[in-house]
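These notes are about the structure you will find just below.
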Amino acid sequence: GGVSYGGGKARYLRDTNQSRIAFGGGLIRSFEDDAGSSETTKDTEALVTMNLEWFRYDEPELDVSMAFTAYRRLSGSEEPRGNVDVNVRWEVFKDFFWGISVYYTYDGQAENEEEASDYGSFTSLGWKF
């Protein structure tokens, strides 16, 4: 098990009725108990994040967003990690939506290259009432 805490600050560089762009940064402190060991792993990480959103309220509605976060360990091992999430939600016809989400994560501290990366996608259908 473990616990993490941190803080940061973000700022919108653009915030209109059609799009948003935000950048942020912060620090995270983590404490993690390794299974089978009495030692606690402690890490401090700096993070930088960027969020992009584009949306249309007219029919057909459309929402597109991308979030990117990069982490850099400041203590312990210094391998970077990060993730990217992309989401699309589109109104196919009146109040019926199709969505797709794609993600990619990377952890430079993984034991081997096969475990360092993970990616996937999800699709959805929904009715808004």
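The first residue in the sequence is number 1, and the count goes up from there.
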| message | Can you tell me how far apart OG1 (Thr123) and CD1 (Ile100) are? Round to the nearest 0.5 Å. | response | 6.5 Å
| request: Establish whether Val48 and Tyr103 are linked, either directly or via other cluster members, by ILVMFWY side-chain heavy-atom contacts under 4.5 Å. | output: no
| request: Answer with yes or no whether the hydrophobic clustering places Phe97 together with Phe129; edges join I, L, V, M, F, W, Y residues whose side-chain heavy atoms lie under 4.5 Å apart. | output: no
| request: Identify whether Phe122 and Val92 are in the same connected component of the hydrophobic contact network (ILVMFWY, side-chain heavy atoms under 4.5 Å). | output: no
| Tell me the salt bridge (Lys or Arg N to Asp or Glu O under 4.0 Å) pairs involving residues 18-31, sequence neighbours left out? | Asp15-Arg20, Arg20-Glu53
Please output the side-chain donor-acceptor pairs of residues 56-69 that fall under 3.5 Å, not counting sequence neighbours, one pair per line with the distance.
unit_1: Arg56; atom_1: NE; unit_2: Pro60; atom_2: O; d: 2.9
unit_1: Arg56; atom_1: NH2; unit_2: Pro60; atom_2: O; d: 2.8
unit_1: Glu59; atom_1: OE2; unit_2: Lys94; atom_2: NZ; d: 3.1
unit_1: Glu61; atom_1: OE2; unit_2: Lys128; atom_2: NZ; d: 3.3
unit_1: Asp63; atom_1: OD2; unit_2: Arg89; atom_2: NH1; d: 3.0
unit_1: Thr69; atom_1: OG1; unit_2: Thr49; atom_2: OG1; d: 3.4

| query | Within a reach of under 6.0 Å around CD of Glu115, are more than 12 heavy atoms found that belong to other residues, nucleotides or ligands? | reply | yes
| request: Under the side chain to side chain donor-acceptor pair (under 3.5 Å) rule, collect the residues that match up with Tyr104, sequence neighbours excluded. | output: Ser117
| remark: When rounded to the nearest 0.5 Å, the distance separating CG of Leu27 from CG of Leu74 is 6.5 Å
| Just wondering, more than 12 heavy atoms not from Phe31 lying within 6.0 Å of its CZ? | yes
| Residue pair Ser4 / Ile28: nearest heavy atoms and the distance that separates them | CB-CG2, 4.2 Å
| Say you draw a straight line from CZ of Phe96 to CH2 of Trp127; how long is it, rounded to the nearest 0.5 Å? | 7.0 Å
| said: Do Arg14 and Ser19 pair up side chain to side chain, a donor and an acceptor below 3.5 Å, judged on atom types alone? | reply: yes
| query | Any chance the side chains of Asn87 and Ser101 put a donor and an acceptor closer than 3.5 Å? | reply | yes
| If Ile, Leu, Val, Met, Phe, Trp and Tyr residues are connected whenever their side-chain heavy atoms lie under 4.5 Å apart, and connections chain through other members, are Leu52 and Leu13 in the same group? | yes
| note | Distance col, row Glu45:CD vs Tyr71:OH, nearest 0.5 angstrom, shows 7.5 Å
| task | Please answer: with hydrophobic residues joined when any side-chain heavy atoms are less than 4.5 Å apart, are Tyr5 and Leu47 in the same cluster? | result | no
| request: Output the distance between atom CZ (Phe23) and atom CD1 (Ile21), rounded to the nearest 0.5 Å. | output: 7.0 Å
| request: Determine, stepwise, if the pair Asn83 / Tyr106 fulfils side-chain contact (heavy atoms from CB on, under 4.5 Å). | output: CA-CA 6 Å; Asn83 58 289; Tyr106 176 79; over 6 Å; no
| field | Derivation of the side chain to side chain donor-acceptor pair (under 3.5 Å) call for Asp43 and Ser30 | value | CA-CA 5 Å; Asp43 274 327; Ser30 300; over 6 Å; no
| request: Verify, without hydrogens or angle tests, whether Arg73 (side chain) and Glu79 (backbone) share a donor-acceptor contact under 3.5 angstrom. | output: yes
